[in-house]
Amino acid sequence: HVQLVESGGGTVQAGGSLRLSCLASGFTASAGYMAWFRQAPGKEREGVAAIDNACAATYTYSVQGRFTISKDNVKNTLYLQMNSLKPEDTAIYYCAADSVNLQLSRSYTYWGQGTQVTVS
């Protein structure tokens, strides 16, 4: 059974920072593929950042230079460091995982419950 649990969301002012965490259970982060997605009201779910089993990262253009995806293989945890946050970043952020490299595709098999990020 695979379970992904996000945490770290909250409300921050524009220009602030947040660090999201995704604790994976029943899934080995070091061997699999993981990503962060977000969905704002009335908008499609979009891939934000993805990381493969060699720690190569892919970002959507709008967050490049501001967000950093990383993982701790010992803790089996995925992270998203978000800096210079903008109101446009407001969304529910979801952690996703799969056994194949989907990068920013929306076809991941496993999903977390989401954590709300609000930038005012």
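Each residue takes its place number in the sequence, starting with 1.
Looking at residues two or more places apart in sequence or on another chain, you find a side chain to side chain donor-acceptor pair (under 3.5 Å) between Thr118 and Gln116. Applying the side chain to side chain donor-acceptor pair (under 3.5 Å) test to Gln3 and every residue at least two apart in sequence or in another chain returns nothing. The side chain to side chain donor-acceptor pair (under 3.5 Å) test applied to Thr109 returns Asp98, not counting sequence neighbours. For Arg19, there are no salt bridge (Lys or Arg N to Asp or Glu O under 4.0 Å) partners two or more places apart in sequence or in a different chain. Listed by chain and number, the residues in a side-chain contact (heavy atoms from CB on, under 4.5 Å) with Asn73 are Ala29, Ser30, Lys71 (sequence neighbours excluded). For the ring-ring contact (aromatic ring centres under 6.0 Å, His included) test, residues two or more places apart in sequence or in another chain that qualify with Tyr108 are Phe37. With sequence neighbours excluded, the residues satisfying side-chain contact (heavy atoms from CB on, under 4.5 Å) with Ser70 are Tyr79. Looking at residues two or more places apart in sequence or on another chain, you find no salt bridge (Lys or Arg N to Asp or Glu O under 4.0 Å) involving Glu88. Here Arg66 pairs with Asp89 under the salt bridge (Lys or Arg N to Asp or Glu O under 4.0 Å) rule; sequence neighbours left out.
Other residues, nucleotides and ligands contribute more than 12 heavy atoms inside 6.0 Å of the CD atom of Gln64.
For the atom pair CD (Gln39) and OH (Tyr94), the distance works out to 6.0 Å, reported to the nearest 0.5 Å. To the nearest 0.5 Å, atoms OG1 (Thr90) and NZ (Lys43) are separated by 9.5 Å.
The backbone N or O of Ala56 lies less than 3.5 Å from a partner atom in the side chain of Asp52, making a donor-acceptor pair.
Within the structure, side chain to side chain donor-acceptor pair (under 3.5 Å) contacts touching residues 6-18 (residues at least two apart or in different chains) are Glu6-Gln113, Ser17-Asn83.
Apart from Leu104 itself, the hydrophobic cluster it occupies contains nothing, where clustering links Ile, Leu, Val, Met, Phe, Trp and Tyr at side-chain heavy-atom distances under 4.5 Å. Taking a 4.5 Å side-chain heavy-atom cut-off between Ile, Leu, Val, Met, Phe, Trp and Tyr, the cluster of Ile51 extends to Val2, Leu4, Val12, Leu18, Leu20, Phe27, Met34, Trp36, Val48, Tyr59, Val63, Phe67, Ile69, Leu78, Leu80, Met82, Leu85, Tyr93, Tyr110, Val117, Val119.
By the 4.0 Å N-to-carboxylate-O rule, Glu46 lies too far from Arg106 to be salt-bridged with it.
Among all heavy-atom pairs drawn from Gly47 and Thr60, the shortest one is O-CB, 3.3 Å. Closest approach of Ala40 and Ala91 over heavy atoms only: N-CB, 3.8 Å.
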